[in-house]
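For reference, the structure is listed below as structure tokens.
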Amino acid sequence: MREIPGRRRRLLSKRNGGGSDLIGAALTFATEWQWPVLPGVAPDPQGRARCTCPDPECTVPGAHPFDPGLLAATTDARMVHWWWANRPGAPIVLATGGSAPCAVSLPALAAARALDALDRCGIRLGPVIAAPTRWALLVKPYSMEQLGELLYAKDFVPGSLRFHGDGGYLALPPSETGQGAIRWERAPLPGSAAPWVPDVEAVVDAVVDALTRTGVSAPEL
């Protein structure tokens, strides 16, 4: 399939009514940044804290893939447009790892503290995604071996710290999920190229320190 030119993508997204922001963002992620995406399962319209997937105890309502599954994530413009033309309100889900960014996520309070610490240290940050209860710092792709060595060197790693690598996923702005709106806490700089993201090593020290200082050690959503 041929890529849809930028002007054509904008015209198509405008025709999509209320879903124009989502389809426009999904096309930008997929075709301009080469981030593989797919539509997430929608939150239950009868109760947005619930999910429309078969799991009655789903912990990430409306913020995960289901049908299609994660392996369907693509950068193909026509497939992305077809998905959101048919499901205009679907959350945008990024398949992390591979050629796409990975992420480190943590509870929102500790994340705000971590960002302050990173700023004070002069560490350059990439985009930061904020959900109501958790924030995710995008980082360069890493291997499980690299991550294991990094965490092994730590005396303590709080259970609320999560890593989104190969086989993982994240909901991207401007998605609406069962937990609320997904937004940019640190937005990507304008431009057509994929945003710059730091190495995972550059952020883990400050993130672990922030979680320890806030006393957030139990898993949280």
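Here the structure is a predicted model, which means the values were calculated and not measured. One-based numbering along the sequence shown.
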Flag the pair Phe163 / Val139 as yes when at least one side-chain heavy-atom distance between them is below 4.5 Å, and no otherwise. no

Quick one, Pro107 and Thr133 - any side-chain contact, counting heavy atoms below 4.5 Å? no

Let me confirm one number: the CD-OH distance from Glu149 to Tyr142, rounded to the nearest 0.5 Å. 14.5 Å

His64 vs Val41 side-chain heavy atoms within contact, under 4.5 Å: yes

Connected via hydrophobic side-chain network under 4.5 Å: Met144 and Val203: no

Do you know which two heavy atoms are closest between Val208 and Pro158, and how far apart they sit? CG1-CD, 4.1 Å

Quick check: closest heavy atoms across Thr96 and Cys102, and the distance to 0.1 Å? CB-CA, 4.2 Å

State whether the side chain of Arg162 and the backbone N or O of Ala136 hold a donor-acceptor pair below 3.5 Å, judged by distance alone. no

Ala171 and Thr177: which non-hydrogen atoms are nearest, and at how many Å? CB-CG2, 4.4 Å

Taking the six-membered ring for Trp, are Trp184 and Phe29 parallel (under 30°), tilted (30 to 60°) or perpendicular (over 60°)? perpendicular

Of all heavy-atom pairs linking Pro127 and Trp196, the shortest is CD-O, 3.5 Å

Determine, using the 4.5 Å side-chain heavy-atom cutoff (strictly less than), whether Leu150 and Ile123 are members of one ILVMFWY cluster. yes

Check for a donor-acceptor pair, side chain of Trp84 on one end and backbone N or O of Ala90 on the other, with a separation under 3.5 Å. yes

With sequence neighbours excluded, tell me which residues meet side-chain contact (heavy atoms from CB on, under 4.5 Å) with Asp166. none

For the residue pair Leu38 and Ala73, what are the closest heavy atoms and their distance? CD2-CB, 3.9 Å

Are side-chain heavy atoms of Pro36 and Thr74 found at a separation under 4.5 Å? no

Would you check if Ile182 and Ile92 make a side-chain contact, meaning some heavy-atom pair closer than 4.5 Å? no

Rounded to the nearest 0.5 Å, what's the gap from CD on Glu32 to CG on Leu27? Could you check? 8.5 Å

Looking at every heavy atom in both Leu138 and Ala103, which two are closest together, and how far apart are they? CD2-CB, 4.0 Å

With rounding to the nearest 0.5 Å, note down the distance linking CG in Leu147 to CD in Glu201. 9.5 Å

I'd like to check Val80 versus Thr31 (side-chain heavy atoms, cut-off strictly below 4.5 Å). Are they in contact? no

Between Leu22 and Pro88, is any pair of side-chain heavy atoms under 4.5 Å apart? no

Heavy-atom check, side chain of His164 versus side chain of Leu94, under 4.5 Å: no

Can you get from Leu71 to Trp82 by hopping between Ile, Leu, Val, Met, Phe, Trp and Tyr side chains that sit under 4.5 Å apart? no

